[in-house]
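To keep things clear, I will list the structure first and then write my remarks on it.
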Amino acid sequence: MSLNPNKFIRSISFFICAAAFNQSFGQDLLNMLDEESKKNSDPDYTTATFKTTRLINGHSIETLGAGVLDVRISHRFGYINSGPNELYGLDQAWTRIGADYGISKRLMIGAGRSSYQKQVDAFAKFKVLRQAKEKMPITVTALASMMIKTGPYADPTRVNYFSSRLYYSGQLLIARKFSEGLSMQLMPTIVHYNLAESPNDHNDVFALGVGGRIKLSKRISLNAEYYYQLPSYMLNGTVNSLAIGFDIETGGHVFQFHFTNSTGMTERTFISETTGDWLKGDIHFGFCISRVFTLKDPRKK
Amino acid sequence: MKHYPTLLLALLLASTIESLSQPVYMTRNGKISFFSKTPLENIDAVNNEVFSALNTEKGEMAFSLSVKAFHFERSLMEEHFNENYMESEKFPKSTFSGKIDKLQDAHFDKDGKYNVTVTGDLTIHGVTKRVTVPGSLKVEKGKIEATAAFQIKPDDYGIKIPTIVIEKIAEVIDVSINCSYEPKSK
């Protein structure tokens with residue numbers, strides 16, 4: 001051995017001294033508990049990828065907790081380029097009043113009524129995969145929604161069926177929380193029209209959404225959301241939807257405000273029927289107030 | 001001097017054998033709950049997945065829990081607890097390791113209830129503090145039940161409460177512990 005014996009003795013005595021003066025007890029037990037907790041422990045699921053169940057216009061992968069009721073009031077003003085006479089859009093307003101409910105940790109339902117096109121909508125949302133440390137890289141949530149346009153038929157002279165009022169959309173929401181501050185989401189989407197808008201339009205519109213959030217502080221995040229539609233399926237005169245917004249959290253409320261070129265607040269109306277041009281200033285200012293109520297203590301079986 | 005390494009090895013070996021034969025009691029589902037009381041709001045949370053161990057010969061005790069396993073009445077509260085206060089991604093565990101102060105007061109070989117104090121290091125939110133906690137140990141039919149109640153100040157552990165919610169979260173949080181130990185199987 002090429003060990004310098006003096007050095008060896010010195011280091012040994014150091015360890016003995018260190019052990020003698022070490023005042024912390026139970027460290028062995030703690031190490032043992034650490035080993036024990038590694039055995040068949042539950043996956044460490046990622047939480048709070050986004051602050052609420054909506055990114056901006058569209059859904060995020062988040063679902064409500066079991067027994068939680070979320071009342072959401074969404075408000076959208078007119079285009080900000082509509083001039084001083086309209087107070088830059090503030091004179092006009094559309095609202096959607098809705099309520100969502102968490103049936104289980106992974107399943108939620110919701111419904112709402114929009115003043116825009118007098119729509120009633122309902123949806124169901126299920127978390128299929130959950131991001132978990134070292135086990136699953138992404139969260140995947142499936143969303144199915146249905147919209148009913150109420151009010152008079154566009155063309156009363158033809159034979160109209162109730163089914164012509166119905167629209168459907170299906171989305172796969174795929175997200176990853178990369179870090180505390182950054183989450184990204186992809187949203188492949190199909191919007192189905194029972195009755196095509198015109199003889200030249202398809203019954204289905206396909207789109208791929210992309211969105212994300214950057215946390216600016218513990219309680220404020222900056223969100224963005226863009227839906228790219230397959231050009232050959234786009235409805236005449238429509239453009240892709242773009243929205244930029246902020247989430248501000250204050251205890252039981254989440255306050256979201258945003259800028260978007262979309263007027264509608266249902267999947268069909270913002271994904272496939274957006275007509276506003278950002279560059280011309282066809283931008284709506286809007287906000288949403290979400291208030292959650294716990295109807296059931298999830299700890300009670 | 002030549003025999004130093006051999007001696008060291010022998011010592012190490014001896015200590016391993018000793019630790020194997022230690023009378024260690026353990027639980028995987030200990031319960032720790034806390035309670036915050038203010039005129040505006042009462043908040044309580046329970047963790048039923050606490051790992052804890054007790055060495056009856058050395059009088060040492062250890063606790064380890066996953067912060068995310070604290071469950072609240074409201075899921076939004078739970079999210080805020082993890083996201084904003086405990087920063088559970090950064091500090092996933094809270095631990096305690098310490099020693100029973102007067103081991104002679106606890107007779108682990110005799111059924112009965114013994115009041116003790118335990119002193120050790122409590123780590124919450126990445127901050128370690130030396131604390132002394134009063135509690136009791138109940139020995140019954142080869143099992144040991146530990147109960148304790150004490151208070152902690154979030155501020156001591158670097159947990160900042162923003163002014164907007166300061167009236168809803170107590171300055172001092174009541175913590176209670178209930179663990180039923182069984183002899184650890186080898």
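Reminder, nothing fancy here: chain letters follow the sequence lines and each chain counts from 1. Worth knowing before you read on, the calculation uses all heavy atoms, side chains too, and leaves out hydrogens, waters and symmetry mates. Model, not experiment: these values are computed from the prediction.
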> Taking atom CG of Leu29(A) and atom CZ of Phe63(B), what is their separation to the nearest 0.5 Å?
Replying inline: 10.5 Å
> Do you know which of Glu49(B), Glu83(B), Glu79(B) has the most heavy-atom pairs with chain A at a distance under 4.5 angstrom?
Replying inline: Glu83(B)
>> Quick check: do Lys58(B) and Asp28(A) have side-chain heavy atoms less than 4.5 Å from each other?
In response: yes
> Do any of residues 60-75 of chain A come closer than 4.5 Å to chain B, heavy atom to heavy atom, and if so which ones, in number order?
Replying inline: Gly65(A), Val68(A)
>> For the CD atom of Glu89(B) and the CD atom of Glu180(A), what is their distance to the nearest 0.5 Å?
In response: 5.5 Å
>> To the closest 0.5 Å, what do you measure between CE (Met32(A)) and CG (Asn55(B))?
In response: 9.0 Å
> Residue by residue, which of residues 140-156 of chain B have a heavy atom closer than 4.5 Å to a heavy atom belonging to chain A?
Replying inline: none
>> Please determine whether a side-chain nitrogen of the Lys or Arg among Lys184(B) and Glu35(A) lies less than 4.0 Å from a carboxylate oxygen of the Asp or Glu.
In response: no
>> Counting only non-hydrogen atoms closer than 4.5 Å, does Lys177(A) touch chain B with its backbone (N, CA, C, O), its side chain (CB onward), both, or neither?
In response: side chain
>> For Lys93(B), which atoms come within 4.5 Å of any heavy atom of chain A: side chain, backbone, both, or neither?
In response: side chain
>> Heavy-atom cut-off 4.5 Å, strictly under: side chain, backbone, both or neither for Met77(B) against chain A?
In response: neither
>> Taking 4.5 Å as the heavy-atom cut-off, does anything in residues 123-145 of chain A contact chain B, and if so which residues?
In response: Lys133(A)
> Which bit of His80(B) is near chain A, if near means a heavy-atom gap under 4.5 Å: side chain, backbone, both or neither?
Replying inline: side chain
>> Heavy-atom cut-off 4.5 Å, strictly under: side chain, backbone, both or neither for Glu87(B) against chain A?
In response: side chain
> Is chain B contacted by the side chain of Phe293(A), its backbone, both, or neither, given a heavy-atom distance below 4.5 Å?
Replying inline: neither
> Could you walk me through whether Arg28(B) and Glu36(A) pass the salt bridge (Lys or Arg N to Asp or Glu O under 4.0 Å) check?
Replying inline: CA-CA 8 Å; Arg28(B) 290 180 181 80; Glu36(A) 283 292 329; 2.6 Å; yes
> For the candidates Thr294(A), Thr250(A), Thr46(A), Asp34(A), which exhibits the highest count of non-hydrogen atom pairs separated by less than 4.5 Å from chain B?
Replying inline: Thr294(A)
>> Going by salt bridge (charged side-chain N to carboxylate O under 4.0 Å, His left out), name the residues that satisfy it together with Arg74(B), two or more places apart in sequence or in a different chain.
In response: Glu41(B)
> At a heavy-atom separation under 4.5 Å, does Pro92(B) approach chain A through its side chain, its backbone, both, or neither?
Replying inline: neither
> Distance from Leu76(B) atom CG to His253(A) atom NE2, nearest 0.5 Å?
Replying inline: 11.0 Å
> Given a strict heavy-atom distance threshold of 4.5 Å, which part of Tyr25(B) is in contact with chain A: side chain, backbone, both, or neither?
Replying inline: neither
